[in-house]
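All values below were derived from every heavy atom in this structure, side-chain atoms included, with hydrogens, water molecules and symmetry-related copies excluded. Labels below follow one simple rule: chain letters A, B, ... track the order of the sequence lines, proteins then strands, and each chain is numbered from 1.
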Amino acid sequence: MEYNFKETEQKWQEYWREHGTYKVEIDPSKPKFYVLDMFPYPSGAGLHVGHPLGYIASDIYSRYKRLKGFNVLHPMGFDAYGLPAEQYAIQTGQHPAVTTEKNIARYREQLDKIGFSYDWDREVRTCDPHYYKWTQWAFIRMFEHYYDRTQQQARPISELTAHFAANGTEGVNAACSEELTFTAAEWNAKGEKEQQEVLMNYRIAYLRDTMVNWCPQLGTVLANDEVKDGLSVRGGYPVVQKTMRQWSLRVSAYAQRLLEGLEQLEWSDSLKDIQRNWIGRSQGADVTFDVKDSDVKLKIFTTRPDTIYGVSFMVLAPESEYVAQLTTPEQQAAVAEYLDYVAKRTERERQSEVKTVTGVFTGAYAINPFTEEAIPVWVSEYVLAGYGTGAIMAVPAHDSRDYAFAKKFNLPIVPVIDNGQPIDLSESSYDAKEGKMINSGIINGMEVKEAIAFIAGEVEKRGIGRSKINYRLRDAIFSRQRYWGEPFPVYYKEGMPYMMDDSKLPLELPEIDKYLPTESGEPPLGRAKNWKTEEGYPIELNTMPGFAGSSAYYLRYMDPHNDKALVGKEADEYWRNVDLYLGGAEHATGHLIYSRFWNMFLYDLGVVCEPEPFKKLINQGMIQGRSNFVYRVVGTNTYVSAGLKKDYETTEIHVDVNIVHNDILDIEAFRRWMPEYADADFILEDGKYVCGWAVEKMSKSMFNVVNPDDIIEQFGADTLRLYEMFLGPLEAHKPWDTQGIDGVYKFLRKFWRLFMPGDEFRVSESEPTREELKILHKTLKKVEGDIETFSFNTTIPAFMICTNELTALKCDKRAVLEPLVIAIAPYAPHIAEELWHRLGHTDSVTTATFPAWEEKYLVEDSFEYPVSFNGKVRFKLPMPVDASNADIETAVKTAPEAAKWLEGKTIRKVIIVPKKIVNVVVG
RNA sequence: GCUCAGGUGGCGGAAUUGGUAGACGCGCUGGACUCAAAAUCCAGUGUCCCUUAAAGACGUGCGGGUUCGAUUCCCGCCCUGAGUACCA
């Protein structure tokens with residue numbers, strides 16, 4: 001009887017649902033294991049075959065861990081707030097909640113068909129008030145805390161106000177937007193509003209005028225990770241810099257901990273690297289320069305204090321406050337003109353024209369504290385306002401950007417480092433941190449490293465600066481001018497923001513009639529009626545960004561129905577954190593940073609017991625599409641086969657991969673596909689039309705989307721699961737090609753036939769042979785080793801070989817077949833469940849124990865005799881250490897084991913192979 | 001530019017971490033079964049030389065090196081992909 005996947009898969013999916021097979025509860029008697037997928041945003045297009053790749057891998061691992069005796073938490077949910085639903089709402093008037101609900105239902109339906117072991121009772125949706133109540137709750141906590149650098153943790157803002165009242169800013173070491181200094185008396189003299197303004201400088205969630213990435217087309221601001229190459233990641237619209245009053249999260253306060261925390265994590269090195277670069281720690285020093293004929297102290301940040309004798313000019317960022325302070329009356333007009341030019345440039349222009357050097361002289365001169373020389377102060381857009389102090393000392397001889405600037409404006413280039421060979425400064429600067437100092441007064445002759453430390457110390461001694469660490473990581477802008485997001489639990493009194501009481505949570509998203517900004521330019525929530533507190537205070541009109549809801553969702557899965565806490569103590573202490581997290585690497589600088597920050601904050605508050613949310617992380621690769629092309633002869637409706645196209649001038653046109661088989665076009669289907677092709681002519685080769693192909697992103701516009709539903713319909717879910725794993729290494733990007741799926745489909749049917757040699761299900765209870773046991777244990781060992789290392793792609797061949805070998809032996813022993821059913825269950829749960837029940841079990845295969853393999857069955861026993869192998873004879877011999885080929889030959893000849901097999905034969909070749917085995921080719 | 005990952009048959013990819021390169025699958029070729037097709041099964045399939053086979057030579061991006069032995073380690077290039085981009 002052939003395997004009927006359709007009937008079987010449906011039957012067991014229903015069984016699992018009815019029996020609550022995948023429901024999980026806290027069980028202190030078992031070790032826990034938490035396997036998580038990055039939850040999807042349910043888009044209108046539904047899933048394509050690329051999406052489930054990671055889900056299948058994590059499901060295999062979950063099922064395996066369960067068979068290994070772990071209590072496995074494996075939940076799924078939806079990142080339900082997002083731009084597409086809102087855009088759709090703007091166009092159609094359809095409420096985003098309705099669209100989202102519909103898309104989720106579709107996703108759920110598709111996911112269910114694949115046979116995942118999710119505990120759906122724990123599902124979370126970020127747009128559900130029961131869920132976002134806790135997003136709002138966490139935000140309020142961030143508002144109520146500041147970051148104490150001395151204690152290296154978040155502390156209640158009340159501690160800070162108490163300190164201010166007693167000592168002013170004296171002794172305060174808090175993360176802040178700008179360093180403030182005031183006395184206790186000054187603090188106490190301030191009014192409520194003034195005090196609140198000061199505290200805003202310290203709060204972890206704070207409201208402030210900031211330079212933001214404004215995207216006019218989307219009508220909203222974007223975080224740094226939502227912008228790429230000056231364009232919005234979603235939509236690809238231009239982004240400009242603009243000052244706006246926005247909520248921000250003081251992520252930068254956690255920079256050092258985010259950096260150090262990486263050490264403990266089992267993440268790929270490349271992913272850790274991306275985060276390290278994003279955090280961008282750099283060790284240097286602040287140095288203050290006096291300004292000639294002025295009281296202004298010009299503070300700069302440098303990582304190369306050693307080059308201070310080579311400073312030949314200073315540069316300010318155009319947005320720097322110093323510009324106004326330092327510009328001389330004579331230069332006023334020129335500077336104003338330059339600032340105007342800079343303001344008009346978009347972020348994209350600025351980035352694409354990096355090589356173009358621009359700038360203007362302020363007219364001011366700074367005094368080099370070491371040489372006492374007066375050096376000109378310039379303004380240029382190559383210096384960024386947001387990093388360091390927004391001002392630099394320029395050393396053109398040893399910094400390529402300063403070099404380009406000096407060349408353009410004819411400023412002096414003074415070498416201060418000698419690396420042994422003559423340094424040629426006519427073409428480029430010498431940026432390396434190696435060599436001896438020259439032309440450098442007190443540090444002449446020192447090595448660069450020495451000089452850096454010396455000058456840093458000297459600067460500190462003279463009180464004109466101090467060592468400083470800067471981070472590239474910026475605070476996260478947290479306001480979005482959109483409708484479809486979490487409302488802020490914030491109201492305004494006399495223009496100052498106040499948090500709502502926890503008892504008012506969740507603050508539910510109000511209904512509005514249209515989803516566009518208001519006529520006066522307010523965000524969509526400006527349209528909401530009665531959007532005020534009971535006391536009549538107006539409520540915040542912005543909503544939270546996409547990453548708000550996804551930052552702590554893994555905690556909510558632990559205790560999804562708890563109405564009293566984000567996560568209860570018991571649940572948190574049992575499940576702790578995610579043991580295995582699977583998702584795409586594109587979240588490296590967004591979600592994965594924000595989540596770690598959010599979790600560390602909650603850790604500081606004692607809400608969670610682990611400082612890091614995701615212990616081990618695997619980035620599954622993307623499944624790309626494999627597109628097919630036809631070639632239209634220019635100016636005709638004639639299409640030429642790929643092999644002949646070089647003789648014609650052609651246009652390449654995407655053709656639906658679903659009407660192409662093995663790169664051969666189904667001509668009739670093509671004619672039916674679109675009206676314009678109805679009377680197409682073809683130039684064939686060998687009677688066939690051969691299509692071209694290319695690997696591209698899987699997308700509708702390329703006509704290369706493959707829907708998992710179609711694959712399941714044709715081959716079944718187990719085949720889809722196996723094939724997705726078989727395609728290649730989990731972490732690699734790889735194209736989907738349906739052609740190869742036959743192989744695993746055939747394998748499953750062969751596996752089935754092991755139990756069904758005739759028409760009847762039949763296993764024998766007799767003792768297996770040593771050979772059969774060897775095949776079994778070899779396979780079990782391979783499967784276990786592969787799952788533990790996430791090499792799922794090489795497990796499938798192991799199952800195939802095993803099945804072929806057992807088929808050849810006509811093995812029907814229960815003692816061999818039953819363990820194989822358990823071993824394959826994580827990969828192909830439906831067929832395994834069916835066989836398990838046919839084997840006479842009444843419980844689910846998920847409650848079985850993963851069979852242990854034993855070394856004793858794997859020991860090679862045939863090596864005392866030579867085996868014929870590709871015309872070679874193989875011996876087991878101790879491998880001679882440090883032996884030349886000749887020595888090995890001697891060793892072989894004289895070895896007692898070998899003598900009897902070499903009698904009267906000539907050794908033609910000796911090959912040493914692993915495990916001290918020698919291959920001898922005899923003539 | 002900098003950082004990281006990678007480059008193996010017609011294709012996807014293996015190779016127990018320095019030990020028989022190309023497992024397994026696809027595709028292709030031939031055969032069995034069939035009136036025929038589908039399905040299934042069997043055999044072959046890196047390149048060159050050759051009627052075929054044996055035997056041989058060459059083969060893991062390119063050029064060197066270490067080693068008895070290198071896809072694996074080292075040095076220098078080339079190419080592809082990803083991240084990042086005036087971060088001082």
Q: Could you work out which one of B/rU84, B/rG25, B/rC41 sits closest to the side chain of A/R472?
A: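 The listed nucleotide nearest to A/R472's side chain is B/rU84.
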Q: Quiz question: by atom type and distance under 3.5 Å, do the side chains of A/Y471 and A/Q256 form a donor-acceptor pair?
A: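 Side-chain D/A pair, A/Y471 to A/Q256: present.
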Q: Between A/R749 and B/rU40, is there a side-chain N or O to OP1/OP2 distance below 4.0 Å?
A: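 Result: yes.
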Q: Rounding to an integer number of Å, can you tell me how far A/W736 CH2 sits from B/rG25 C1'?
A: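 It works out to 14 Å between those atoms.
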Q: For the side chain of A/T794, counting heavy atoms from C-beta on, which of B/rA88, B/rA15, B/rC41 is nearest?
A: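 Nearest listed nucleotide: B/rA15.
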Q: Syn or anti for B/rG9, with syn set at within 90° of 0?
A: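 Base orientation: syn.
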Q: Once you apply a heavy-atom cut-off of 4.0 Å, does A/R474 come out as touching a base, just sugar-phosphate, or nothing?
A: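 Result for A/R474 = base.
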Q: If I take atom CG in residue A/N619 and atom P in nucleotide B/rA5, what distance separates them, rounded to the nearest angstrom?
A: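 Between P of B/rA5 and CG of A/N619: 14 Å.
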Q: Testing the basics here: between A/A317 and A/V323, what is the closest heavy-atom pair and its distance to 0.1 Å?
A: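 Looking at all heavy atoms of both residues, the closest pair is O-CG2, 3.4 Å.
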Q: Using atom C1' of each nucleotide, how far apart are B/rC26 and B/rG13 to the nearest Å?
A: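 Taking atom C1' in both B/rC26 and B/rG13, they lie 11 Å apart.
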Q: What's A/P735 touching, base or sugar-phosphate or nothing? Going by heavy atoms closer than 4.0 Å.
A: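 Since no nucleic acid heavy atom lies under 4.0 Å of A/P735, the category is nothing.
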Q: Please tell me which of the listed nucleotides, B/rU40, B/rA88, B/rC24, lies nearest to the side chain of A/Y387?
A: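 Nearest to the side-chain atoms of A/Y387, counting from C-beta on, is B/rA88.
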Q: Looking at the side chain of A/K734, which of B/rA85, B/rG13, B/rC4 is the nearest nucleotide?
A: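 Taking heavy atoms from C-beta onward, the closest nucleotide is B/rG13.
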Q: Which whole number of Å gives the distance between the P atom of B/rU8 and that of B/rU3?
A: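 The answer is 24 Å between these two P atoms.
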Q: Looking across every strand, which nucleic acid part, if any, lies under 4.0 Å from A/D737 by heavy atom: base, sugar-phosphate, or nothing?
A: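 No contact.
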Q: When you measure from the side-chain N and O atoms of A/N793 to the phosphate of B/rA14, is any distance below 4.0 Å, counting only OP1 and OP2?
A: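 Yes, because at least one side-chain N or O of A/N793 sits under 4.0 Å from OP1 or OP2 of B/rA14.
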Q: Examine B/rC26: is either OP1 or OP2 under 4.0 Å from a nitrogen or oxygen in the side chain of A/K746? Give yes or no.
A: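 Result: yes.
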Q: For A/D273 and B/rA5, what is the distance between atoms CG and C1' respectively, to the nearest whole Å?
A: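 Interatomic distance, CG of A/D273 to C1' of B/rA5: 10 Å.
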Q: Starting at the 5' end of RNA chain B and moving along, which residue's nearest nucleotide shows up first, A/Y745 or A/G280?
A: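 That would be A/Y745.
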Q: Since syn is defined as within 90° of 0, does B/rU45 count as syn or as anti?
A: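 You should classify B/rU45 as anti.
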Q: For B/rA23, which nucleotide is its Watson-Crick or G-U wobble mate, given both distances must be under 3.5 Å?
A: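 B/rA23 is paired with nothing.
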Q: Pairing check on B/rA37: which nucleotide meets the Watson-Crick or G-U wobble criteria with it, both distances under 3.5 Å?
A: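 With both distances under 3.5 Å required, B/rA37 matches none.
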Q: Quantified in whole Å, what is the P atom distance between nucleotide B/rG46 and nucleotide B/rU52?
A: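 Pairwise P distance, B/rG46 against B/rU52, rounds to 15 Å.
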Q: Using Watson-Crick or G-U wobble geometry with both distances under 3.5 Å, which nucleotide pairs with B/rG9?
A: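 Paired with no nucleotide.
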Q: Can you measure A/Q714 atom CD to B/rA39 atom P for me and round it to whole angstrom units?
A: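 So the CD-P distance, A/Q714 to B/rA39, works out to 12 Å.
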Q: Send over the distance from A/F726 CZ to B/rA23 P, rounded to a whole Å.
A: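 Distance check: A/F726 CZ to B/rA23 P gives 12 Å.
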Q: For the side chain of A/I274, starting at C-beta, report the closest nucleotide among B/rC24, B/rC41, B/rG83.
A: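 Given the options B/rC24, B/rC41, B/rG83, the side chain of A/I274 is closest to B/rG83.
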Q: Any strand counts, and the cut-off is 3.5 Å on both contacts for Watson-Crick or G-U wobble. Which nucleotide pairs with B/rU16?
A: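 Pairing partner: none.
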Q: Does A/I801 reach a base, just sugar-phosphate, or nothing at all? Heavy atoms under 4.0 Å.
A: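 Sugar-phosphate contact only - A/I801 comes under 4.0 Å of backbone atoms but never of a base.
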Q: Hey, does the side chain of A/K734 reach the backbone of A/A732 with a donor-acceptor pair shorter than 3.5 angstrom?
A: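 Indeed, once roles are kept as given, a pair shorter than 3.5 Å links the two residues.
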Q: Aromatic ring centroids of A/F715 and A/F5 under 6.0 Å?
A: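 That pair fails the under 6.0 Å test.
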Q: I'd like the C1' distance from B/rA14 over to B/rU66, given in whole Å.
A: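 About 27 Å, rounded to a whole number of Å.
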Q: Is the closest side-chain donor-acceptor distance between A/S400 and A/Y430 under 3.5 Å?
A: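 No, no side-chain donor-acceptor contact under 3.5 Å.
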Q: Is the side chain of A/K408 donor-acceptor paired with the backbone N or O of A/V357 at a distance under 3.5 Å, no angle test?
A: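 Yes.
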Q: So which nucleotide does B/rC49 pair with, by the Watson-Crick or G-U wobble rule with both distances under 3.5 Å?
A: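 Here B/rC49 is not engaged in any pair, so there is no nucleotide opposite it.
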Q: Regarding A/S232 and A/E226, is there a side-chain donor-to-acceptor distance under 3.5 Å anywhere?
A: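 No donor-acceptor contact under 3.5 Å links the two side chains.
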Q: Of the nucleotides B/rC86, B/rU3, B/rC41, which has the atom closest to the A/K750 side chain?
A: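 Of B/rC86, B/rU3, B/rC41, B/rC41 is nearest to the side chain of A/K750.
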Q: So if I take every side-chain heavy atom of A/M800 and compare against B/rG25, B/rU40, B/rC4, which nucleotide ends up nearest?
A: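 Within the option list, the nearest is B/rG25.
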Q: Taking the C1' atom of each, how far is B/rU51 from B/rC58, in whole Å?
A: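 Looking at atom C1' only, B/rU51 and B/rC58 are 23 Å apart.
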Q: Between A/I796 and A/L384, name the one whose nearest nucleotide on RNA chain B is closer to the 5' end.
A: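 So the residue in question is A/I796.
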Q: Can you tell me how far P of B/rA82 sits from NE2 of A/H587, to the nearest Å?
A: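 Distance check: A/H587 NE2 to B/rA82 P gives 17 Å.
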Q: Applying a 3.5 Å limit to both distances, which nucleotide forms a Watson-Crick or G-U wobble pair with B/rA82?
A: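 B/rA82 is paired, partner B/rU3.
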Q: Between B/rA88, B/rU3, B/rC41, which one does the side chain of A/N277 approach most closely?
A: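 The answer is B/rU3.
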Q: For A/L258, does its backbone N or O pair with a side-chain atom of A/R596 as donor and acceptor, under 3.5 Å?
A: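 A pair under 3.5 Å: yes.
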Q: Identify which nucleotide among B/rA88, B/rC24, B/rU84 has an atom closest to any side-chain atom of A/V383, counting heavy atoms from C-beta outward.
A: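 Looking only at side-chain atoms, A/V383 lies closest to B/rA88.
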Q: Calculate the interatomic distance between A/L722 atom CG and B/rG13 atom C1'; express it in whole Å.
A: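 For the pair A/L722 CG and B/rG13 C1', the rounded distance is 16 Å.
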Q: Across all strands, who's sitting opposite B/rA43 as a Watson-Crick or G-U wobble pair, both distances under 3.5 Å?
A: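 Pairing partner: B/rU29.
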Q: Have a look at A/W736 and tell me which of A/R626, A/Q624, A/M698 forms a side-chain contact (heavy atoms from CB on, under 4.5 Å) with it.
A: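 With A/W736 as partner, A/R626, A/Q624, A/M698 yield a single side-chain contact (heavy atoms from CB on, under 4.5 Å), made by A/M698.
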Q: Please measure how far the P atom in B/rA55 lies from the corresponding atom in B/rA21, and state the result in whole Å.
A: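 That atom pair is separated by 15 Å.
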Q: Under 3.5 Å for both donor-acceptor distances, Watson-Crick or wobble: does B/rG63 have a partner, and if so which one?
A: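 Checking every strand shown, B/rG63 finds its partner in B/rC75, with both distances under 3.5 Å.
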Q: Closer than 4.0 Å, any side-chain N/O of A/S268 to the OP1 or OP2 of B/rA5?
A: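 Checking A/S268 against B/rA5: no side-chain N or O falls below 4.0 Å of OP1 or OP2.
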Q: If the P atom of B/rU45 is compared with that of B/rA38, how far apart are they to the nearest Å?
A: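 The same atom, P, in both gives a distance of 25 Å.
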Q: So which nucleotide from B/rA88, B/rU40, B/rG25 ends up closest to the side chain of A/N804?
A: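 Of all the options, the side chain of A/N804 is nearest to B/rG25.
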Q: Rounded to whole angstrom units, what separation is found between the CH2 atom of A/W853 and the P atom of B/rU16?
A: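 It is 17 Å, rounded to the nearest whole Å.
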Q: Expressed in whole Å, how much space separates the P atoms belonging to B/rC11 and B/rG27?
A: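 Looking at atom P only, B/rC11 and B/rG27 are 15 Å apart.
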